[in-house]
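Report on the structure given below.
As the structure is a prediction and not an experimental result, all values here were calculated from the model. Values below: every heavy atom of this structure, side chains too, minus hydrogens, waters and symmetry copies.
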Amino acid sequence: MMQKLLLAGVAVLALTACGQGGGTQKADGGGAVVLIDGSSTVYPISEAIGEEFQKTSGTRVTIGLSGTGGGFKKFCRGETDISGASRPIKEEEIALCRENGVEFIELPVALDALAVIVHPGNSFVDCLSVDELKTIWQPSAQGKVTNWNQVRPGFPNLPIKLFGAGTDSGTFDYFTKAVSGEEGASRGDYTATEDDNVTVTGVAGDPGGLGYLGLAYFTENAERVKAVPIRQPNGACVAPSVETARNAAYQPLSRPLFYYVNSKHVDERPHLRAFIEFAFDATHSEPLVAEVGYVPLPTQAYSLAAAKVQARRTGTFFEGGSKIGVTAEELLADAGGQPAGAR
């Protein structure tokens, strides 16, 4: 499913390039168009919702794949209506939006879980704690922690081979924050990639392999690699799944995925308001998000998101970076939201 969606994205990208023209809201045929760009992680969700909305409304939806950071650059210049993001907006991006007078509404669009994976024949790793993940991944581990027997007494004398997200990825930002306590704090001697297939293939091909990636891609490759449960503060070992991500039992590697919506465009563009209403109607989004392998929001969160847009509650819940363990309800319980560009 994910591979098919990413291949389909090439065609959508071509349409986007033809249709944007400096942020115009008219497609080549003269009709209204909703402009979305941003995260490749969020892309399959936008594609699924966009396709269904087009069928029912006749309004065209174009979706770019500039990545979370690249999407924010366009969004904060006022070139797009919605920016998909796999992490919260950063301080410098807030500043760029402020410079250009772009006020934004921050909405969770789905939930995701980062799966820690090992070789399918690995019989000794049945659960890992966050401290053990930190031992493996923290910057000071580079060139020093190279064998499984350094992670826990009783683990075998077996070299660790590491695979993970590239440093420009929102997934990298969130994983390093969750594990090391600081975004970007990671050893550098691992195979870094923006292609999750590289991570799957690498871990599947090395008995000492360890990596991390999104739940949807793990699910597609569950016969090739094994997910490691994560030890919780109460001692329970919880595996990544749709259920444990949705009920927040899988911590600290469950995360929200975001839509950032241009508030002025919502005021001015009825077709954008109609898209937002469609996207945050649980009867539409819950099955579509699940279909592409992600975790739908709790049902009540959809109505909270719609109410937040209706009230034009702008600004961000975050302080220019990721926070760990935030629920969708917390992100949407801001009836007294601050002005756009505020924290």
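Within the 3.5 Å criterion, the main-chain N or O of S86 finds a donor-acceptor partner in the side chain of T68. Remark: the backbone N or O of G208 is paired with a side-chain donor or acceptor of W148 at under 3.5 angstrom. N262 contributes a side-chain N or O that, together with a main-chain N or O of H265, makes up a donor-acceptor pair within less than 3.5 Å. In terms of modelled atom types and a separation under 3.5 Å, the side chain of S66 and the main chain of G71 share no donor-acceptor contact. At least one donor-acceptor pair under 3.5 Å links the side chain of Y174 to the backbone N or O of S254. Proximity of a side-chain donor or acceptor of R187 to a complementary backbone N or O of I136 within less than 3.5 Å is detected. In this structure, N221 contributes its side chain and R224 its backbone to no donor-acceptor pair below 3.5 Å. Looking only at distances, a side-chain donor or acceptor of T56 sits under 3.5 Å from a matching main-chain atom of F53. Without hydrogens or angle criteria, N100 side chain to V102 main chain gives no donor-acceptor distance under 3.5 Å.
If you chain together hydrophobic residues whose side chains sit under 4.5 Å apart, L96 and F318 never meet in one group. L210 and V203 fall into different hydrophobic clusters, where Ile, Leu, Val, Met, Phe, Trp and Tyr residues are linked whenever their side-chain heavy atoms come under 4.5 Å apart, directly or through other members. Criterion: ILVMFWY side-chain heavy atoms under 4.5 Å apart, direct or through other members. Under it, V198 and V116 are not part of a common hydrophobic cluster. Cluster membership check: F258 does not share its hydrophobic cluster with F175, using side-chain heavy-atom separations under 4.5 Å among Ile, Leu, Val, Met, Phe, Trp and Tyr. Note on L257 and F172: separate hydrophobic clusters, where clusters join Ile, Leu, Val, Met, Phe, Trp and Tyr whose side-chain heavy atoms are under 4.5 Å apart, directly or indirectly.
In this structure, D173 and E183 approach most closely via the heavy-atom pair O-CG, 3.5 Å. Scanning both residues, Y250 and A115, for their nearest heavy atoms gives OH-CA, 4.0 Å.
Q310 CD: 12 or fewer foreign heavy atoms inside a 6.0 Å radius.
The closest side-chain donor-acceptor pair between D37 and T80, if any, does not fall under 3.5 angstrom. A donor-acceptor contact closer than 3.5 angstrom is absent between the side chains of S83 and K74. D131 and S129 form no side-chain donor-acceptor contact under 3.5 Å, judged by distance and modelled atom types alone. T171 and R255 share a donor-acceptor pair across their side chains, judged by distance under 3.5 Å alone. Checking E106 against T316 by side-chain atom types alone, a donor-acceptor pair falls below 3.5 Å.
Using the six-membered ring where Trp is involved, F275 and Y259 have ring planes that are tilted, between 30° and 60° apart.
With a 4.5 Å cut-off on side-chain heavy atoms, E194 and S169 count as touching.
A salt bridge links E132 to R152: at least one charged side-chain nitrogen sits closer than 4.0 Å to a carboxylate oxygen. Taking a cutoff of 4.0 Å between a charged side-chain nitrogen and a carboxylate oxygen, R246 and E286 qualify as a salt bridge. A salt bridge links E52 with K55: the closest approach of a Lys/Arg side-chain nitrogen to an acidic carboxylate oxygen falls below 4.0 angstrom.
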Exercise for review: Give the C-alpha distance, both sets of side-chain angles, the deciding distance and a yes or no for salt bridge (charged side-chain N to carboxylate O under 4.0 Å, His left out) between D267 and R273.
Suggested key: CA-CA 8 Å; D267 289 336; R273 292 197 297 275; over 6 Å; no

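A side chain to side chain contact (heavy atoms under 4.5 Å, CB included) with P252 is found for exactly one of V179, V130, L114, L133, namely V130.
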